[in-house]
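Contents: one structure, followed by commentary.
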Protein chains: 4
Amino acid sequence: MSPILAAAKSAFHERGFHGTSTRDIAARAGVSLPTLYYHHESKQGMLVAVLQAAMDAVLSRVRAAIAEADTPAGQLSNAIEAIVLHMTADLELASTAGEFRYVEHDHPQRAEYVALRTEMEDLVEGILQRGLDAGDFHIDGDIKETLRYLLGACQAVSIWYRPGGARTPTQVAQSYAATSMRAVGAQPNTSVVLAPI
Amino acid sequence: MSPILAAAKSAFHERGFHGTSTRDIAARAGVSLPTLYYHHESKQGMLVAVLQAAMDAVLSRVRAAIAEADTPAGQLSNAIEAIVLHMTADLELASTAGEFRYVEHDHPQRAEYVALRTEMEDLVEGILQRGLDAGDFHIDGDIKETLRYLLGACQAVSIWYRPGGARTPTQVAQSYAATSMRAVGAQPNTSVVLAPI
Amino acid sequence: MSPILAAAKSAFHERGFHGTSTRDIAARAGVSLPTLYYHHESKQGMLVAVLQAAMDAVLSRVRAAIAEADTPAGQLSNAIEAIVLHMTADLELASTAGEFRYVEHDHPQRAEYVALRTEMEDLVEGILQRGLDAGDFHIDGDIKETLRYLLGACQAVSIWYRPGGARTPTQVAQSYAATSMRAVGAQPNTSVVLAPI
Amino acid sequence: MSPILAAAKSAFHERGFHGTSTRDIAARAGVSLPTLYYHHESKQGMLVAVLQAAMDAVLSRVRAAIAEADTPAGQLSNAIEAIVLHMTADLELASTAGEFRYVEHDHPQRAEYVALRTEMEDLVEGILQRGLDAGDFHIDGDIKETLRYLLGACQAVSIWYRPGGARTPTQVAQSYAATSMRAVGAQPNTSVVLAPI
DNA sequence: TATGAATGAGCATTCATTCAT
DNA sequence: TATGAATGAATGCTCATTCAT
C-alpha cells in the first residue's frame with residue numbers, strides 16, 4: 001500500500017471520510033496536496049482504493065481459512081477467526097469498511113467492491129447452509145439473519161479493539177469463533193488454530 | 001423530539017455527522033439557519049442531544065425488559081429483544097450511535113452519555129455474570145468479550161435493517177434473542193415476547 | 001445594479017470571465033467572498049445577471065429609438081445610434097456580451113438571454129426588410145449577412161472606444177449611423193438626433 | 001503550424017485563453033505536459049505564437065489583395081475580401097485575435113504583434129485616404145472611425161460564421177466587400193474576385 | 001526530445017457560526 | 001422567536017510550471 005493510501009486509511013479511521021480533509025492526508029503522507037491528485041482521481045477514489053485493499057485482504061484470508069477445514073463447523077470457526085484476525089491485524093484498514101456508505105452510487109468501482117463483499121458473505125452463508133443440511137448447525141430464524149448476526153459481531157471488533165489491550169488477537173479470534181459456533185448450535189472447534197496475521 | 005432534532009437525526013443517519021451541513025438540517029427542519037443556533041449551541045450540540053435521546057430510549061427499554069423476567073436467561077433474552085426493537089423502531093435514531101466518536105473529548109455532555117452507555121453495558125454484563133454464576137450460561141473466553149460480541153451483533157442491525165423488508169421487527173428481535181441465548185450456552189427462552197415498539 | 005454585479009461587470013470587462021476570480025469580484029465590491037454566494041448562485045450566475053442587464057438596457061433603448069421614427073431609414077439610423085450609445089455609455093457592461101459564449105448550454109437563464117438577443121436582432125432585421133420592400137434600402141447579398149455586418153461593426157465599438165477620447169459618444173453614434181445608412185444604400189438621415197445616454 | 005500550436009489554437013478558440021488549461025492543450029496535441037514547455041516558454045508564449053501566425057497570414061493576404069488592384073475602390077474591395085476569407089478559412093486561428101488583450105504588456109513579442117496589426121490597419125487606412133483624396137470615397141466623420149467600422153464588421157465574422165452554413169466563404173467575402181464599398185460611398189467593385197483560401 | 005512526478009499558489013465554493021434587527 | 005445578511009476559515013480540487021531522468 002502506497003504512503004498516500006496508508007495515510008488516507010489512517011485518516012479515515014481516525015476522523016471518518018467526511019471528517020478527513022485532503023490536506024490531512026497529504027500531511028500524513030508527507031506530500032503536497034496536488035501530489036494526491038496526481039496519483040488518485042479524488043478523495044473518494046482514495047476511499048475506494050482503501051476499501052478494495054481491505055476487502056481483498058479479508059477475502060483472501062477467509063478463502064484460505066475455509067480451505068484449511070473440511071467440515072462446516074471447522075470452516076465456520078476458521079472463517080470467523082480469519083475475519084477477526086483481519087480486524088485486529090490492521091484496525092485502520094478494517095474500520096474503513098463503515099465508510100463505504102459514502103461512496104457515491106455511480107462510482108465506477110462501487111459495484112466491484114459490492115461484488116467482493118457479496119462473495120465473502122456468500123462464502124460464509126454457504127458454510128451455514130451446508131452445516132444446516134448436514135445437521136451440524138441448529139438455528140432458528142432466517143439463515144441470512146444469522147449470517148448478519150455473526151458478521152455484525154465480527155465487524156464491531158474494529159470499534160472496541162485496541163492493540164496492546166488485555167487480550168491478544170489470537171485470543172479474541174478464538175473466543176469469537178467459539179461464541180459463533182455456539183450461536184449456530186455447533187460444538188466449538190478446537191482442533192485448528194489459525195496463525196495470527 | 002423537536003423538529004430540529006428530528007431533522008438532525010435524519011441527516012446524521014443519511015450522511016453522517018461530518019457529511020451533514022447545518023444548512024441540511026435547517027432545510028429539513030424548515031427553519032432558517034440562525035434558528036438552529038437559537039435552540040442549540042452548535043452542530044455538535046445537536047449530535048449530543050440526539051445521542052442522548054437514543055441512549056435514554058434504549059436504556060429505559062432495556063431496564064424494563066430486564067425487570068420483566070427473573071432468570072438470567074429470561075433477562076438476557078428480553079434485553080436483546082429490547083435492543084433490537086429499539087434499532088428497528090427508529091433506525092435513524094439508533095444509527096447515530098456510531099457518530100459518537102466525533103463528539104469532542106471535552107464536550108460537557110460527553111461524560112454523561114458515556115455513563116449512560118456504560119450503565120447499559122453493565123446491565124447486560126450483570127445478567128451474563130449472574131447467568132454464569134448460576135450455571136445457566138456457558139461461555140469460554142472473557143465475559144466482556146462476550147458482552148461486546150452480543151452488543152456488536154445488535155448494533156449492526158442498524159446497518160442492514162430496512163423497514164418493510166422480509167422480516168418484521170419482532171421476528172428479527174426474537175431471532176437475535178434466540179441466537180444470543182445459544183451464543184452464551186443457554187436454552188432459548190420462548191416464554192416472554194416483548195411487544196414491538 | 002448592485003455593488004456586487006457592478007464589481008463583476010467591471011472585472012469581466014478587464015479580465016474576461018475566466019480571467020476573473022471570485023476574489024477579484026469580492027474585493028472590488030468591498031465584501032467578503034461568501035457574501036458573493038449569499039446573493040448569487042455562482043460566478044456564472046453573476047455573468048448571466050450582468051449579461052441580462054446589458055441586454056435589457058440595449059433592447060429598451062433600441063425599442064425606444066425605433067419608436068421615435070416612422071421610416072425605415074429613420075428607424076435604422078436611430079437604432080444604430082442607440083446601440084452605439086449603449087456601447088459608449090457603459091463600456092464595461094456592453095463589453096461583457098462577448099463572454100456569453102462561456103455560459104454553459106444548460107444554464108437556466110441562457111435561453112432567456114438568447115431570446116432577448118434574438119428579439120433585438122429581429123427588430124433590426126425587420127427594419128432592413130421594410131426598407132428593402134419600400135425601395136429605401138439597396139443591398140446585395142443576404143439580408144441576415146447585412147444585419148450581421150451592421151451589428152458586428154457596432155459590437156466592435158466596445159473593443160476600441162475609450163471614454164475621454166477624441167470623439168464624443170454622440171459623434172461616434174452619428175458617424176456609425178451615417179456609415180450604416182450608406183452601407184444599406186440609403187440616404188443618411190440627419191433630422192433626428194438621439195440624446196446621449 | 002506545429003501540432004502543439006494547432007492544439008492551442010483550437011483550445012483558445014473553444015474556451016478562450018484563460019479558460020484553456022495547459023493540460024487541455026497537451027491532451028489535444030497528444031503530448032505530455034512538459035513537452036509543451038520544451039517547445040514554448042509558457043502558455044502565454046503559445047498564445048503569442050498563434051496570434052502572430054494569424055497576423056502573418058492575414059497581413060500577407062491583404063498585401064497581396066491590395067497589390068492585385070490599382071484603384072482605391074478595387075484595393076478596398078480586395079482587402080475586405082481577403083480579410084473575410086482569412087476569417088472563414090481558419091475560424092479557430094482568426095478568432096484568437098480577441099484573446100490578444102490577455103497578452104501581458106511587457107511580453108517580448110507583444111510590440112511586434114501590435115506593429116503588424118498597425119501595419120495592416122495602416123494599409124487599409126491608406127486606401128481610404130487615397131480614395132477620399134481621389135474623390136472616389138465619400139464618408140462623413142473620422143477616417144479612423146470608418147476604418148474601425150469596416151474592420152469591426154469583418155472581425156465579427158469569426159463570431160457568427162460556421163463552416164458548412166448557407167453561404168460559402170466567397171459569397172460572404174463578396175457580400176462584405178460590396179457592403180463596405182457602399183459604406184464608404186463608392187461603387188461596388190465587381191471586376192476582381194479573389195480565390196477562396 | 002520527451003515525460004513521470006511533483007509543487008506553491010490559486011481556484012470556485014461551502015463550512016459553522018454570528019450579529020443586527 | 002426568528003431571520004436576512006454577513007464572514008473567517010476551510011473545503012476539494014486545479015492551475016501553470018518545474019525538475020530529475
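Just so we're on the same page: letters track the sequence lines, and every chain starts at 1. In what follows, every heavy atom counts, from backbone to side chain, and hydrogens, waters and symmetry copies are set aside.
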Which is more 5' along DNA chain F, the nucleotide nearest D/Met46 or the one nearest C/Gly30? Just name the residue.
C/Gly30

For E/dA20, which nucleotide is its Watson-Crick or G-U wobble mate, given both distances must be under 3.5 Å?
F/dT3

For atom CZ of C/Phe17 and atom C1' of E/dC11, their distance in whole Å:
12 Å

When you measure from the side chain of D/Thr35, which nucleotide among F/dA6, F/dC13, E/dA2 comes out closest?
E/dA2

Rounded to the nearest Å, what distance is computed from the CG atom of residue C/Leu33 to the P atom of nucleotide E/dA16?
17 Å

CD1 of D/Ile25 versus P of F/dA16: gap in Å, rounded?
8 Å

Check for a donor-acceptor pair, side chain of D/Thr118 on one end and backbone N or O of D/Val114 on the other, with a separation under 3.5 Å.
yes

B/Thr22 side chain near E/dA16 phosphate (N/O to OP1/OP2, under 4.0 Å):
yes

How many whole angstroms separate atom CD of D/Glu41 from atom P of F/dA16?
16 Å

With the side chain defined as heavy atoms from C-beta on, B/Pro34 is closest, among E/dT18, E/dT3, F/dA2, to E/dT18

Whole angstrom is fine here: how far is it from NE2 in D/His18 over to P in E/dA12?
12 Å

Please determine whether any donor N or O and acceptor N or O are separated by less than 3.5 Å between the side chain of A/Arg23 and the base of F/dG12.
yes

Rounded to whole Å, how long is the line connecting atom CG of D/Asp24 with atom C1' of F/dT14?
11 Å

Rounded to the nearest angstrom, tell me the gap between atom NE2 in D/His40 and atom P in F/dT18.
15 Å

Side-chain N or O of C/Ser21 closer than 4.0 Å to phosphate OP1/OP2 of E/dC11
yes

From D/Lys9 atom NZ to D/Asp90 atom CG, the distance as rounded to the nearest 0.5 Å
3.5 Å

Ignoring backbone atoms, establish whether D/Ser32 has a side-chain N or O less than 4.0 Å from OP1 or OP2 of E/dA2.
no

Judged by nearest nucleotide, the residue sitting upstream toward the 5' end of DNA chain E, B/Ser42 or A/Leu36, is A/Leu36

Given atom CD1 of C/Ile4 and atom C1' of F/dA5, what is their separation to the nearest angstrom?
10 Å

Is the distance from OP1 or OP2 of F/dT1 to the nearest side-chain N or O of B/Tyr38 less than 4.0 Å?
no

Are OP1 or OP2 of F/dA2 and a side-chain N or O of B/His39 less than 4.0 angstrom apart?
yes

Determine whether a donor-acceptor pair (N or O, by modelled atom type, separation under 3.5 Å) exists between the side chain of C/Thr20 and the backbone of C/Ala11.
yes

In Å and rounded to the nearest 0.5 Å, what is the CD1 to CG distance from B/Ile25 to B/Leu36?
6.0 Å

Taking it one step at a time, do B/Arg28 and B/Glu14 satisfy salt bridge (Lys or Arg N to Asp or Glu O under 4.0 Å)?
CA-CA 12 Å; B/Arg28 284 168 192 254; B/Glu14 277 182 36; 3.2 Å; yes

Check whether any side-chain N or O of A/Tyr37 sits under 4.0 Å from OP1 or OP2 of F/dT14, and answer yes or no.
no

